[in-house]
Amino acid sequence: MRKRAPEPSRRQAGDKSVAVIDEEPGEAIDSPSLDQEAVKEAQKERLSGLDRATLIGIYHEMVLVRRFEEKAAEAYSSGKIGGFCHLYIGQEAVAIGAISAIRKDDYALTSYREHAHAIAKGMTPESVMAELYGKAGGCSKGKGGSMHMFDREVNFLGGHGIVAGQIPLATGVAFATKYKGTDQVTLCFFGEAAVNQGAFHESLNMAQLWKLPCIYICENNQYGMGTSLKRAMSFQDIAEKARAYEIAAEFVDGMDVLAVREATQRAVERARKDYLPTLLEVRTYRFMGHSMSDPGNYRTRAEIEQHQERDPIKLFAASLKEEGVLSDAEFKEIEAKVKEQVERAVQFAEDSPLPAAEELFTDVYANPIVPGKRD
Amino acid sequence: MPKLSPTMEEGQLSRWLKKEGDKVSMGEPLAEIDTDKATMEMQALGNGVLRKILIQDGESAPLGQLIAIIGEPDEDISSLLSQTETAQPAKASTPDKAPTQEETQAAPSPEPRAESKPKDEALAEGPPRDETNAGDSGGKGDKAGSAGGNGTQRARLIVSPLAARMAAESGIDLRSVSGSGPGGRIIKRDVLDLVAGKGPAPATAEDGQRTVVQQSPAEPSAFRDAPVSEMRRTIAKRLVTSLGPIPHFFLTTEIEMDRAAEMRAGINALDPELKISINDIIIKVAAAALRQHPQVNASFQDKVVRYYEHADIGVAVAIEDGLITPIVRSADQKSLSQIASEIRDLSGRARNRKLRPEEFIGATFSVSNLGMFGIDEFTAVINPPEGAILAIGAMAPKPVVRENEIVVRQMMRVTMSCDHRVIDGATGAKFLQTFKKILENPLFLVV
Amino acid sequence: MAVVTMREALNQALREEMLRDENVFLMGEEVAAYEGAYKVTKGLLAELGDKRVIDTPITELGFAGLGVGAAMAGLRPIIEFMTFNFSILATDQIINSAAKMLYMSGGQFKVPIVFRGPSGSAFQVSSQHSQAIESWFSYFPGLKVVMPSTPADAKGLLKSAIRDDDPVIFMEQERMYGNKGEVSDDVEFTIPLGVADIKREGTDATIVARSLMVPMALKAADVLEQQGVSCEVIDPRTIRPLDIETILKSVKKTNRVVIAEESHPYFGVSAEIGSQIMERAFDYLDASVRRVSGADVPMPYAKNLEELAIPGVDQIVAAVREVAYLD
């Protein structure tokens, strides 16, 4: 529950815009406490500072995303969804907590595990489900699929399939907002395995060098596909890597939606006000396989169950209940509404037509050229 | 069954020259095949042993049908045989179901050998593996390749796509074109030269200027194509509707042959070995007259009228069960003795059915002589796409009026059949006039 | 009209387009303070400032991707690769992001970006700094690939590329930066992408050449003219999309074609052009399509070997003589 104030402890002479992590070199950034009582206490404290509508909104969104993905898994199993389908179940607190902290005109980009981010950013479950179904009514007209959800209306810039590919892109989006002088921020989500990629380091370097309002949110679910972090990364405290670029960083409990929200809010403030980047390492866990075809042989059932005890939705529900925000009847009401939303999304996807054959050749170029034509 | 003539669709196995179990080597004659035109030797395309004969003497097979298997002595050919039984079309049925060369060649060797030279080749038709082999199998390196080819295995035409299209559009038979490109490839230049009547120009001088090289008299005539005029087209159309596909008309004249006969006797007296016949003289004179009347040495080619540069004269030869017309190429350029010996050779081989296709396909004009059968006069049917044919009757003494006196002269009646689409009455008449004039005064041959 | 070098023509295009549109910025290694490794960006920092002209760390993947992201968010970046050899590090962002973004977003996110820099053979800089990789980029739908051969083309095409809403790979030739030619100084002078240019008309053979091979092909055409062969020289200028119609029209006229390129022969641009000619003008060919390509080896350092590796006038002349059946 340590908060990382953007208070720079080391400044370059004469440069007030340099924000760095507040510890002296060698002093570790605090890890989030996993003590159940402490977490509960912290959540209660955060809860008390938020209005009811916001809390219900966040909870509703988490349940919606969970049920949506359960339905997607079902549709995948029955062959309605093809290709890959990477489920987010267990990680909902990250996308929903973080995106709840930004404005609608802010930007978000993520990897291929993006159903939750897309919905949280404001895309309709209908357009996301229809995209999964490969239908014309999908957000990307059925051309992107599970890994490439986009929506210009809500500034959701994808859905990217190459590990770490979105990190330079998000850096560029942040570059553009600063170039244009807006106060928009950009959230860049990625898994912990992307941290080993050069694109991550190159981007953080440029972001701090040029002071770009980009918030890098590393969703550390501990496995890059089937390879555990320990087997893939020589030094596993990802937030600490921010030091190399003098970027502000925090470890965040990714099972606590309000903790993610608050950490993001701090980063957003830093970004909006001072065009400064932040790296958040959000510790979470993926309950399902890497994709629908994951054999799951790289981790034990017990390990999964242990993490499921801290299911972010259950944790949040317990707090909401204990604090009297929601009654049992209201929980049921939310479940019912979500069920209806998901069914509507499925129905929309089922009813939506397949993309027309002509669509094969559209959207390749924004300015298609007829070769040889002089204008 | 290999394709041994341009028009062949099926072949009759005249007789096998090898029997099952015999060793055969590349290029060795295997069998004699009767095609629609000639009896040809079929040569082996690989080394090995003749393992199995599938088509017996006297039987026929469509092109491409497996007729025998050559392989290693110990090779298992059962799979090929069984495949053949199922794949083989009924005897002399359509050729399109015959096994392809790939199938027949791939099958014989169930186990890959370390040194897998293509020893086992089934005798199915297919293009030669490369042009060098095609030449070699004929026993000589045939540089001209495309147009020449040789008897048993005719090399495929090598022609640039453009030249092929141009030839097709102007109705040029590519077999009559000799290619000047690499490996004898027929290229644009060759076709253009033909159309312009320049003849093939194979080589180009160092300075990049094109030079026209005189064609060899052994090769088919060069020609030029002139567009068919509207009038000509109308004439062609109207005449065809009145008289079959080729609107024939006939011109007859009587020729005094005394001087020709004297000349023949004189030459043969000088050298009995020459054995000049009256027919040889007729060919020679016809060639000379054609040279003066190129309009007659012509062919209707639908979109163009083709005018040949040289007189390639077909000489009808009666053979046992039919008729064949071997060709004296560039007769206008050959001496009487050359013509005589060529005709002797050609008609001899024609009777034995040993002619190669290029020796009887592609004349520009024909002569048919039934004089030896005592026929006074007859009309011959044009051999398409030639424009005319001359029918020669018997030479016989007849009373004729000369300087108001009745005298006896050796007279011969000739009738020319003309294709009215290319030759009009007056055109044909003028040719015949010249023909008669020279034949009556053979000295014109040397004037 | 003034006679300027290719370098100056490119500089004019950059300057004019940056003055024309606030959203255009230039980013790359040594483009600002150093004024460009090849001096193409000379004077731009001083005139336009460090917001618009930005030196990057040596981090090609990062700044290429940054450019794509900025383009998605409405800017029009010009990303300079000091040479295209270094773009190889950035191909993930060029291919997986820039080329496919519009399509996989269902038409929502266009990527108006120019990746530019010198490409092809340089002078004695050996294997990693001297190579032609246009066929890589030309392979991908979503990209446009431009290779100018004259100062005027360089200026007109670069201006069009900057104004274009799609990612454009703009490949200059290091050996040609000093080449001079007349260039328009009209700020609205552009040359449309996707239009080939007939650099010389002729009747006997067509030489398709791009970039460095264009001046070589023109020299070859001079030599051949002395030998009685009239050559048409066609510069596609844009490799993707390719103005194949202009090439086909020429081939149908001359019936013979030589494609000259400095890149490796395997699976390259010449293979594509040759194949399209075969598919669409087969019946007009009087000879097989003949290619003249760079040697199929990494570029050597030694001067004599380097000369052997890059096609020259003599090889083009020989190839034309071959297809014209002159030897």
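Below, chains carry the letters A, B, ... as their sequence lines are ordered, and counting in each starts from 1.
Checked by atom type and distance alone, the side chain of A/Lys121 pairs as donor or acceptor with a backbone atom of A/Val154 at under 3.5 Å. Of the possible polar contacts, one joining the A/Tyr88 side chain to the A/Ala95 backbone as a donor-acceptor pair under 3.5 Å is found.
With a 4.5 Å cut-off on non-hydrogen atoms, A/Leu204 does not touch chain C at all. With a 4.5 angstrom heavy-atom cutoff, A/Thr186 does not touch chain C via any of its atoms. Neither the backbone nor the side chain of A/Gln184 comes within contact range of chain C; no heavy atom of the residue lies under 4.5 Å from a heavy atom of that chain. For A/Ala199, the parts lying under 4.5 angstrom from a heavy atom of chain C are both the backbone and the side chain. Using a 4.5 Å cut-off between heavy atoms, C/Ile54 contacts chain A through its side chain alone, with no backbone atom that close. Heavy atoms of C/Leu61 lying under 4.5 Å from chain A belong to its backbone as well as its side chain. Interface remark: A/Leu109 contributes no atoms to any contact with chain C (heavy atom separation under 4.5 Å). For A/Phe200, no part sits under 4.5 Å from any heavy atom of chain C, backbone or side chain. A/His160 touches chain C through its side chain: at least one heavy atom from C-beta onward sits under 4.5 Å away, while N, CA, C and O do not. Contacts of C/Arg76 with chain A are absent, with no heavy-atom separation under 4.5 Å from either backbone or side chain. Contact annotation for A/Leu209: only side-chain heavy atoms (C-beta onward) come within less than 4.5 Å of a heavy atom of chain C. Both the backbone and the side chain of C/Asp164 come within contact range of chain A, each with at least one heavy atom under 4.5 Å from a heavy atom of that chain. Heavy atoms of C/Thr238 lying under 4.5 Å from chain A are absent altogether. C/Gln108 touches chain A through backbone and side chain together, each having a heavy atom under 4.5 Å away.
The pair C/Glu134-C/Arg210 counts as a salt bridge, with a side-chain nitrogen and a carboxylate oxygen less than 4.0 angstrom apart. The existence of a salt bridge linking C/Asp166 and C/Lys110 is excluded, since no basic side-chain nitrogen approaches an acidic carboxylate oxygen closer than 4.0 Å. Between C/Arg200 and C/Glu232, none of the side-chain N atoms (NZ, or NE/NH1/NH2) sits under 4.0 Å from a carboxylate O, so this pair counts as no salt bridge. Salt bridge absent: C/Glu22 and A/Lys180 never bring a charged side-chain N and a carboxylate O closer than 4.0 Å. A salt bridge does not link A/Asp183 with A/Lys273: every distance from a Lys NZ or Arg NE/NH1/NH2 to an Asp or Glu carboxylate oxygen is 4.0 Å or more. A salt bridge between A/Arg113 and A/Glu219 is absent, with no side-chain N of the basic residue lying under 4.0 Å from a carboxylate O of the acidic one. Between C/Arg237 and C/Asp243 no salt bridge is recorded (no basic side-chain N to carboxylate O distance below 4.0 Å).
The aromatic rings of A/Phe175 and A/Trp210 lie perpendicular to each other, with more than 60° between the two planes, well past the 30° mark. Relative ring orientation between C/Phe137 and C/Phe84 is described as perpendicular, the plane-to-plane angle rising above 60° on a 0-90° scale split at 30° and 60°.
Between A/Phe156 and A/Phe150, the distance separating the two ring centers is not shorter than 6.0 angstrom.
Interface check for chain C: of the options A/Arg152, A/Lys141, A/Glu153, A/Glu359, the most heavy-atom pairs under 4.5 Å are formed by A/Arg152. Each of A/Asn367, A/Ile369, A/Val173, A/Leu212 has some count of heavy-atom pairs under 4.5 Å with chain C, and the biggest count is that of A/Asn367. Ranked by non-hydrogen atom pairs under 4.5 Å with chain A, the options C/Gly107, C/Gly142, C/Ser97 are led by C/Gly142. Interface check for chain C: of the options A/Asn205, A/Ile162, A/Asn155, the most heavy-atom pairs under 4.5 Å are formed by A/Ile162. The candidate with the highest count of non-hydrogen atom pairs below 4.5 Å against chain A, out of C/Met72, C/Glu245, C/Lys144, C/Glu60, is C/Lys144. Ranking C/Ile191, C/Thr246, C/Asn96 against chain A, the residue ahead of the rest is C/Asn96, based on heavy-atom pairs under 4.5 Å.
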